[in-house]
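Below: one structure, written as C-alpha cells.
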Amino acid sequence: MYTIDDIVSATQNNATAVTIACILVWLIGFLQYGTSVYLQLSEKRSAWWFIQHAWYIGHDLTFVLFFQKWFFIIDFWTFKVMWAGCLVFIGIELFTLYNTIKDDGERQEVFGRFKPNGGSITKKEAWTRGLIGYALGFALFITLTYALGDPCCFFLTMTTNFMVAVFPAFLAEERGSRRGHSMWLGIFILAGTINTFCPGISMWYNLAECFREPWYYVLGVIGIIGCINYFRVLHKLPPKPLKPNGKKRIW
C-alpha cells in the first residue's frame with residue numbers, strides 16, 4: 001500500500017501529470033453519472049445496481065470526511081476540487097435514490113425483491129431500506145479504508161471504477177431490456193476504465209508505485225472485458241421503442 005508521504009511526493013514532483021490525470025478521472029466520472037441520471041429521468045430506470053449506489057456514496061462521504069488531509073496535509077489544489085466534486089456526487093446519489101423511490105416501477109424493481117412473497121413496497125419502506133443501504137455502504141467503505149491501511153482511500157476509489165465496468169451488464173441482462181442503459185454510457189464507461197488502469201496516464205499510476213504492479217493491470221483487463229460484455233449484452237437485446245413523440249431514445 002502507499003502512504004500519505006507518497007501522495008505528497010507525487011504532487012510535488014509530478015504536479016502537472018497528477019493534475020491532468022485527476023481532471024480526466026473526474027471529467028469522465030461526470031460524463032458517466034450525467035448519462036446515468038439522464039437515463040433514469042427519461043426511462044425511469046438507473047443503469048447501476050442499488051449496491052453500487054450505496055458503495056459510491058460511501059466513497060464520496062469518506063472522501064469528504066478526509067477534508068483535513070486534502071486541504072492541510074497534502075494541500076494540493078486538484079484534490080480540493082475533487083473534494084468539492086464528491087459533494088456534488090453525494091447530491092447525485094441522493095437524487096438518484098429519490099427518483100428510484102418516486103417511480104412505482106423502479107421502486108418495486110430495486111426494493112420489492114426483498115419484500116416477502118414479492119409484495120408491493122411503499123415509499124416509506126423504500127426510503128427506510130434505501131437510507132439504511134446507503135449508511136451500510138458508508139460504514140463498510142470507511143471501515144475498509146482504515147482496515148486496509150488506505151490512507152487517502154485511493155485504493156478503494158479504484159474499486160468504484162472497476163464495479164461500473166463489470167456490473168451494469170448483469171443488470172441489463174436481468175431486465176432483458178436496454179431500458180436505463182445506453183451504448184453511449186458504455187463508451188464513457190470504457191473510457192473511464194482505460195483511464196483508470198492505463199500505465200502512464202492513470203491517476204493511480206501517477207500517484208504511487210503500488211498501482212504499477214501486475215495485479216493492477218490484471219484488474220484493468222477484467223474491467224475492459226466487463227465493458228465489452230456490456231456492449232455484447234446491449235447488442236443482443238431488442239432496440240428501445242421510440243418516444244411518444246416518435247423520436248429515438250438515447251443510443
Side-chain angles (χ1 to χ4, degrees), residues 22-60 63 81-82 84-103 105-107 109-110 134 137 157-198 203 223-245 247-251:
C22 290
I23 290 173
L24 283 173
V25 168
W26 251 244
L27 176 62
I28 296 172
F30 275 109
L31 285 173
Q32 292 173 351
Y33 256 95
T35 306
S36 175
V37 170
Y38 173 80
L39 286 164
Q40 187 185 36
L41 290 175
S42 61
E43 301 181 8
K44 309 304 180 184
R45 291 294 185 276
S46 173
W48 319 144
W49 296 88
F50 174 72
I51 192 173
Q52 289 180 256
H53 289 293
W55 184 246
Y56 298 158
I57 198 170
H59 164 270
D60 299 334
F63 201 97
V81 174
M82 290 167 64
C86 279
L87 287 177
V88 176
F89 279 130
I90 290 170
I92 291 173
E93 289 296 353
L94 292 172
F95 182 67
T96 297
L97 179 60
Y98 166 77
N99 284 302
T100 298
I101 294 172
K102 182 179 69 172
D103 182 78
E106 189 171 19
R107 182 175 72 249
E109 178 188 278
V110 174
Y134 274 13
T157 296
M158 171 271 298
T159 67
T160 65
N161 290 353
F162 179 80
M163 289 171 67
V164 81
V166 174
F167 288 176
F170 302 117
L171 181 56
E173 277 191 313
E174 181 183 86
R175 286 179 183 155
S177 166
R178 293 189 184 187
R179 186 177 182 182
H181 295 276
S182 162
M183 289 290 191
W184 275 115
L185 178 59
I187 290 171
F188 296 144
I189 292 173
L190 177 61
T193 304
I194 293 172
N195 186 56
T196 298
F197 295 100
C198 184
M203 179 184 78
I224 290 174
I225 292 172
C227 293
I228 294 171
N229 186 48
Y230 186 59
F231 289 124
R232 180 193 67 82
V233 169
L234 294 189
H235 177 72
K236 74 177 185 178
L237 291 172
K240 296 180 183 180
L242 297 176
K243 294 181 179 180
N245 59 10
K247 293 184 178 181
K248 291 184 177 180
R249 297 184 183 273
I250 184 173
W251 180 53

Problem - Least distance between heavy atoms, Gly85 atom then Trp26 atom - result: CA-NE1, 3.8 Å

Handout entry: Among Thr35, Leu234, Leu39, Leu237, side chain to side chain contact (heavy atoms under 4.5 Å, CB included) partner for His181
Key = Leu234

Completion exercise
The side-chain hydrogen bond (donor to acceptor under 3.5 Å, both in side chains) partners of Thr96 (sequence neighbours excluded) come to none

Exercise for the section: Report the residues that fulfil side-chain hydrogen bond (donor to acceptor under 3.5 Å, both in side chains) with Thr196, sequence neighbours left out, ordered by chain and then residue number. Expected result: Asn161

Handout entry: Heavy-atom check, side chain of Cys86 versus side chain of His59, under 4.5 Å
Key = yes

Exercise for the section: Check ring-ring contact (aromatic ring centres under 6.0 Å, His included) between Phe167 and all other residues, then give those that pass, not counting sequence neighbours. Expected result: none

Exercise for the section: Could you list the residues that satisfy side-chain hydrogen bond (donor to acceptor under 3.5 Å, both in side chains) with Thr100, not counting sequence neighbours? Expected result: Gln40

Exercise for the section: Could I get the full list of side-chain contact (heavy atoms from CB on, under 4.5 Å) partners for Leu94, not counting sequence neighbours? Expected result: Ile57, Ile90, Tyr134

Completion exercise
To the nearest 0.5 Å, atom CD1 of Ile224 lies from atom CD1 of Ile189 at 13.0 Å

Exercise for the section: Using the test side-chain hydrogen bond (donor to acceptor under 3.5 Å, both in side chains), find all partners of Asp60 that sit at least two apart in sequence or belong to another chain. Expected result: none

Handout entry: Within 6.0 Å of CG in Leu87, more than 12 heavy atoms from elsewhere
Key = yes

Handout entry: Results of side-chain contact (heavy atoms from CB on, under 4.5 Å) for Ala169 - residues two or more places apart only
Key = Asn229, Tyr230, Val233

Practice task
Assess the pair Phe89 and Phe30: is the distance between their ring centroids shorter than 6.0 Å?
Solution key: yes

Practice task
Could I get the full list of side-chain contact (heavy atoms from CB on, under 4.5 Å) partners for Leu41, not counting sequence neighbours?
Solution key: Val37, Phe95, Asn99

Completion exercise
Sorted by chain and residue number, the side-chain contact (heavy atoms from CB on, under 4.5 Å) partners of Ile101 (sequence neighbours excluded) come out as Leu97, Arg107, Phe111, Lys123, Ala126, Trp127

Fill in the blank from the handout: In short, salt bridge (charged side-chain N to carboxylate O under 4.0 Å, His left out) pairs touching residues 88-103 with sequence neighbours left out are Arg45-Asp103

Problem - Side-chain heavy-atom pair Phe197, Met158 within 4.5 angstrom cut-off - result: yes

Practice task
Using a 4.5 Å cut-off on heavy atoms from C-beta on, say whether the side chain of Phe231 contacts that of Ile187.
Solution key: yes

Handout entry: Minimum-distance pair of heavy atoms, taken over all atoms of Tyr56 and Thr160
Key = OH-O, 3.3 Å

Practice task
Name all pairs fulfilling the salt bridge (charged side-chain N to carboxylate O under 4.0 Å, His left out) condition that reach into residues 160-174, sequence neighbours left out, sorted by first residue then second.
Solution key: Arg113-Glu174, Glu173-Arg232, Glu173-Lys236

Exercise for the section: Give a yes or no on whether a salt bridge exists between Arg178 and Glu43, defined as a side-chain N under 4.0 angstrom from a carboxylate O. Expected result: no

Fill in the blank from the handout: Distance col, row Trp49:CH2 vs Leu171:CG, nearest 0.5 angstrom, shows 5.0 Å

Exercise for the section: Compare all side-chain heavy atoms of Gln52 with those of Trp55 and state whether any distance is below 4.5 angstrom. Expected result: no

